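A, B, ... follow the sequence lines: proteins, then strands. Residue 1 opens every chain. Model, not experiment: these values are computed from the prediction.
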Protein chains: 2
Amino acid sequence: MPANMISKILEKAVHPLDVIAPHVKSEAARTSVLRNPNMEKLQKGYLFPEISRKHEAHLKKNPDAKVISLGIGDTTEPIPRVIASAMAEYALALSTPEGYQGYGPEQGQMNLRKVIADKVYPNMGIKESEVFISDGAQCDIARLQMLFGPNVTIAVQDPTFPGYVDNGVIVGQTGEADEAGRYAGISYMRCAPENHFFPDLSRVPRTDVIFFCSPNNPTGHAASAAQLRELVDFARRNGSIIVFDAAYAWYVSDDDDGDGSNTNSKKPRSIYEVPGAREVAIEICSFSKFAGFTGVRLGWAVVPGELRYADGSPVARDFDRIVCTCFNGASSVAQAGGLACLATEEGRDAVRRVVGVYKENARVLVDTFASLGKEVYGGADSPYVWVRFPGRRSWDVFAEILDKTHVITVPGSGFGPGGEGFVRVSAFNSRDRVLEAAARLRKYLA
Amino acid sequence: MPANMISKILEKAVHPLDVIAPHVKSEAARTSVLRNPNMEKLQKGYLFPEISRKHEAHLKKNPDAKVISLGIGDTTEPIPRVIASAMAEYALALSTPEGYQGYGPEQGQMNLRKVIADKVYPNMGIKESEVFISDGAQCDIARLQMLFGPNVTIAVQDPTFPGYVDNGVIVGQTGEADEAGRYAGISYMRCAPENHFFPDLSRVPRTDVIFFCSPNNPTGHAASAAQLRELVDFARRNGSIIVFDAAYAWYVSDDDDGDGSNTNSKKPRSIYEVPGAREVAIEICSFSKFAGFTGVRLGWAVVPGELRYADGSPVARDFDRIVCTCFNGASSVAQAGGLACLATEEGRDAVRRVVGVYKENARVLVDTFASLGKEVYGGADSPYVWVRFPGRRSWDVFAEILDKTHVITVPGSGFGPGGEGFVRVSAFNSRDRVLEAAARLRKYLA
């Protein structure tokens with residue numbers, strides 16, 4: 001496993017000083033600039049480098065082990081040729097007087113904005129001017145937190161992708177973290193099998209902003225239409241803003257949503273399928289996990305014109321200013337690739353096939369754990385499988401699986417206290433490796 | 001002139017609501033979330049959309065006018081074939097199992113970091129681990145301001161690129177702006193012909209951070225070795241951090257620096273040419289203006305391991321955390337292009353030829369204004385030419401030049417109060433258009 005993969009485990013790791021600046025002596029001179037107190041609040045992340053340390057120790061102990069990573073959510077399938085070719089052609093054209101383009105609009109190429117509005121949000125009233133192209137959902141989370149600033153209160157799911165919280169800490173929205181890793185000032189909404197991975201909103205305090213990821217990372221749960229209606233109603237009653245992270249929306253199956261309330265309704269792929277969402281919700285999305293653009297970097301945010309602050313000013317205007325001031329647009333080459341993903345039936349089919357590979361991987365993993373009698377969630381609408389090991393610490397399970405099967409997973413507690421007792425297993429790997437991992441897991445867990 | 005070019009004038013424009021959300025009625029519902037007070041402080045930018053309004057009005061009045069833009073600093077020369085081909089090959093390889101790569105390290109590919117350390121900073125002691133690849137200098141400015149946080153004090157040159165100040169306002173470093181556009185809490189260091197474009201540091205108060213751009217945007221002045229020694233000494237005495245913006249470093253000529261102090265010394269292309277800079281300086285740089293990557297998006301920041309906060313903790317460690325939390329790395333395709341710019345003599349020569357085109361354009365513009373008896377600065381070490389019109393308002397000169405010659409410039413006052421009485425003329429255009437603009441200017445100004 002290369003060093004960059006290790007640093008990517010649990011999405012974000014903190015590197016020790018000896019990696020950053022191995023040559024610097026500790027008695028070096030120093031400036032008199034005070035360290036940003038918000039940076040000091042960020043948890044040191046001892047837990048996260050711990051994975052790479054354990055992995056390295058494992059390789060030392062088992063130098064011939066064929067380790068299979070079902071850890072970090074990193075794509076492995078090649079980008080479909082039609083999409084890669086579009087990027088290559090665009091790049092080559094940059095060497096010609098006719099094809100050269102300098103700065104594009106910070107908000108993205110209008111043809112890409114339009115195809116997203118038309119193809120991703122059909123009949124949802126999203127206009128191209130409301131779509132802001134970005135270099136990925138994680139960067140949009142940072143820009144949205146800069147937009148909101150230090151004075152807002154936020155709520156997050158527990159467990160959840162750590163980016164919402166970490167960027168909130170950086171801009172100064174929180175106090176210190178307690179021993180369990182919860183920051184003062186943040187509302188943590190527990191999402192567990194017991195509540196169908198949806199918080200009891202009658203017990204959730206009002207916050208200015210609610211970060212909600214569906215299909216969820218790490219639990220793999222896609223919220224039902226009824227759940228999202230409840231969420232939107234809650235936000236409307238409270239005058240809150242929802243930031244809906246739809247990075248895994250393309251993994252939602254076409255089946256009925258199965259929440260029992262309406263057997264004809266599908267699980268929503270966008271918050272804007274819910275009536276009334278335009279006035280209260282921002283949506284972020286990404287080409288990373290559906291087109292394999294993790295390294296190419298492309299995503300978008302939708303900020304509807306109807307979304308307004310208490311003073312009546314449109315949120316989109318301030319976000320536009322953030323995009324123009326803190327950002328300069330996504331790479332034009334990546335945007336050419338994004339257009340090829342969505343503009344033609346050929347591109348959309350190619351992308352669906354890639355998603356299908358990972359979904360089938362997820363099914364294999366779900367079946368593996370289910371056949372072993374494990375409590376297993378996710379996978380049906382998500383590349384992530386969430387497995388419960390009752391009464392055990394996530395880290396112990398992680399270590400045991402690694403020790404006995406040479407398979408890397410992610411301890412659920414890395415996603416918040418609510419993840420304790422679970423591990424996340426990622427479907428992002430080749431079919432062969434997933435099948436091999438499944439075979440090893442069956443042998444070990446049987 | 002397409003809309004995105006107009007919005008790019010003066011680098012950052014604020015869009016009116018009717019562009020962002022033309023369909024939204026003002027009586028729409030609103031949330032109860034308070035607008036970020038730091039966003040409210042940002043100047044409305046009435047001045048900036050004013051350029052596009054004047055341009056549009058000009059086109060209405062003169063529908064057949066062949067307008068030549070010497071306004072925004074946007075590159076026009078094609079990217080050299082050897083570099084575009086490297087990007088195309090990398091993109092195509094992403095469609096193969098052997099060539100596919102997902103997430104790269106957030107800090108950038110190590111081979112690119114190493115070639116930058118070796119080729120851009122030879123004999124300056126910069127290690128690859130100290131080079132952080134980015135999607136451009138503007139984005140690094142935003143990330144650096146997030147790193148520093150709301151409590152630091154900052155100094156900027158006046159006039160200067162507005163990004164340092166605007167991002168400082170967003171993170172909460174300032175009070176309100178006065179009528180001249182100066183924010184409370186920022187130290188503005190006047191840089192004018194009268195002080196050789198270098199502030200009298202004996203009258204500059206200590207600040208935590210000093211943003212210094214050389215060759216400067218907009219004045220085109222490249223600081224001499226003696227000036228930068230003075231700056232580094234000032235920072236070391238005060239325990240300050242310098243953020244040195246070297247986005248135009250490749251435009252510095254090989255001639256003697258001409259400050260009279262040492263006829264054998266060249267003007268530095270990096271702050272790290274100055275002894276003692278490693279302990280006090282961050283450097284940001286970009287592929288935009290030297291390789292035509294304005295749309296491709298690629299840059300880097302150097303944060304030396306020796307640079308430390310008052311508590312002794314390394315700035316690089318917190319910056320690494322920012323890069324991993326708020327960013328996910330530059331596009332891998334862009335990085336392949338960056339490598340092709342620097343790794344071979346062929347790439348470096350190709351890039352130098354492109355820079356040479358713009359430098360020759362700048363020489364034409366300088367000669368034009370000089371032959372007309374104008375006070376003209378910059379151009380020799382920069383793509384920007386800075387022309388004084390004593391006793392006149394920048395906006396009036398801008399309007400008059402546009403009216404009489406159909407040439408777009410940038411009013412100097414857009415870069416700060418210190419730019420009043422000047423216009424910036426950009427060398428970023430084709431040779432033909434620059435010659436045509438020069439001919440029109442000679443005719444009009446003669």
Check your understanding: At a heavy-atom separation under 4.5 Å, does B:Asp318 approach chain A through its side chain, its backbone, both, or neither?
Key -> both

Review point. Taking B:Pro80, B:Ala91, B:Pro37, B:Pro97 one by one, which has the highest count of heavy-atom pairs under 4.5 Å against chain A?
Key: B:Ala91

Revision key, fill the gap. Applying a strict 4.5 Å limit to non-hydrogen atoms, the region of B:Leu298 in contact with chain A is neither

Review point. Which region of A:Ile83, side chain (C-beta onward) or backbone (N, CA, C, O), has a non-hydrogen atom less than 4.5 Å from a non-hydrogen atom of chain B, or is it both or neither?
Key: neither

Check your understanding: If you count heavy-atom pairs under 4.5 Å with chain B, which of A:Ser430, A:Gly102, A:Ser332, A:Cys139 comes out on top?
Key -> A:Gly102

Review point. Chain A: which of B:Leu307, B:Ile322, B:Val333 shares the most heavy-atom pairs with it under 4.5 Å?
Key: B:Ile322

Practice item. Spell out, as yes or no, whether a donor-acceptor pair under 3.5 Å connects the side chain of A:Thr75 to the backbone of A:Phe428. Key: no

Check your understanding: Can you say whether B:Arg206 sits under 4.5 Å from chain A via the side chain, the backbone, both, or neither, judging by heavy atoms?
Key -> side chain

Check your understanding: Is any side-chain heavy atom of A:Asp135 less than 4.5 Å from a side-chain heavy atom of A:Phe327?
Key -> yes

Review point. Where does A:Thr76 contact chain B at under 4.5 Å (heavy atoms): side chain, backbone, both or neither?
Key: backbone

Check your understanding: For A:Asn38, is it the side chain, the backbone, both, or neither that has a heavy atom closer than 4.5 Å to a heavy atom of chain B?
Key -> side chain

**Study point:** Exam field: side chain B:Arg236 to backbone B:Gly276, donor-acceptor pair closer than 3.5 Å
**Key:** yes

Exercise for review: Could you tell me which of B:Leu147, B:Val171, B:Val82, B:Thr207 has the largest number of non-hydrogen atom pairs under 4.5 Å with chain A?
Suggested key: B:Leu147

Exercise for review: Pick one of side chain, backbone, both or neither for B:Glu77, based on which atoms fall under 4.5 Å of a heavy atom in chain A.
Suggested key: backbone

Study note, to complete from the structure: Between the CE atom in A:Met39 and the CZ atom in B:Arg317, the distance rounded to the nearest 0.5 Å is 10.5 Å

Study note, to complete from the structure: Okay, B:Ala330 and chain A: the region with an atom under 4.5 Å from a heavy atom over there is backbone

Study note, to complete from the structure: Per-residue tally against chain B (heavy atom, under 4.5 Å) across A:Gly149, A:Ala334, A:Ser331 peaks at A:Ser331

Check your understanding: At a heavy-atom separation under 4.5 Å, does A:Ser240 approach chain B through its side chain, its backbone, both, or neither?
Key -> backbone

Exercise for review: Could you tell me whether the side chain of B:Tyr103 and the main chain of A:Ile72 form a donor-acceptor pair under 3.5 Å?
Suggested key: no

Review point. Just by distance, do the side chain of B:Gln335 and the backbone of B:Gln109 share a donor-acceptor pair under 3.5 Å?
Key: yes

Point to revise | When B:Ser32, B:Gly136, B:Gly337 are compared by non-hydrogen pairs under 4.5 Å with chain A, the top option | key: B:Ser32

Practice item. Taking A:Asp208 for its side chain and B:Val33 for its backbone only, find out whether a donor-acceptor pair lies under 3.5 Å. Key: no

Check your understanding: For the residue pair B:Val152 and B:Ile154, what are the closest heavy atoms and their distance?
Key -> CG2-CG2, 4.0 Å

Exercise for review: Using non-hydrogen atoms and a 4.5 Å limit, figure out which bit of A:Tyr309 sits close to chain B: side chain, backbone, both or neither.
Suggested key: both

Review point. Chain B heavy atoms under 4.5 Å from A:Asn167: which part of the residue, side chain, backbone, both or neither?
Key: both

Check your understanding: If you take all heavy atoms of B:Gly125 and B:Lys127, which pair is closest and at what distance?
Key -> O-NZ, 3.0 Å

Check your understanding: Contact part of A:Ile141 toward chain B, heavy-atom cut-off under 4.5 Å: side chain, backbone, both or neither?
Key -> neither

Study note, to complete from the structure: So, the part of A:Val296 with a heavy atom under 4.5 Å from chain B: the answer is both

Exercise for review: Mind checking the CG-CZ spacing from B:Asp166 to A:Arg321? Nearest 0.5 Å is all I need.
Suggested key: 5.0 Å

Check your understanding: CZ/B:Phe293 to CG/A:Leu94 distance, rounded to the nearest 0.5 angstrom?
Key -> 8.5 Å

Exercise for review: Before accepting this row, confirm whether a basic side-chain N of the pair B:Asp140/B:Arg143 lies closer than 4.0 Å to the acidic partner's carboxylate O.
Suggested key: yes

Point to revise | Portion of B:Asp311 that has a non-hydrogen atom of chain A nearer than 4.5 angstrom | key: both

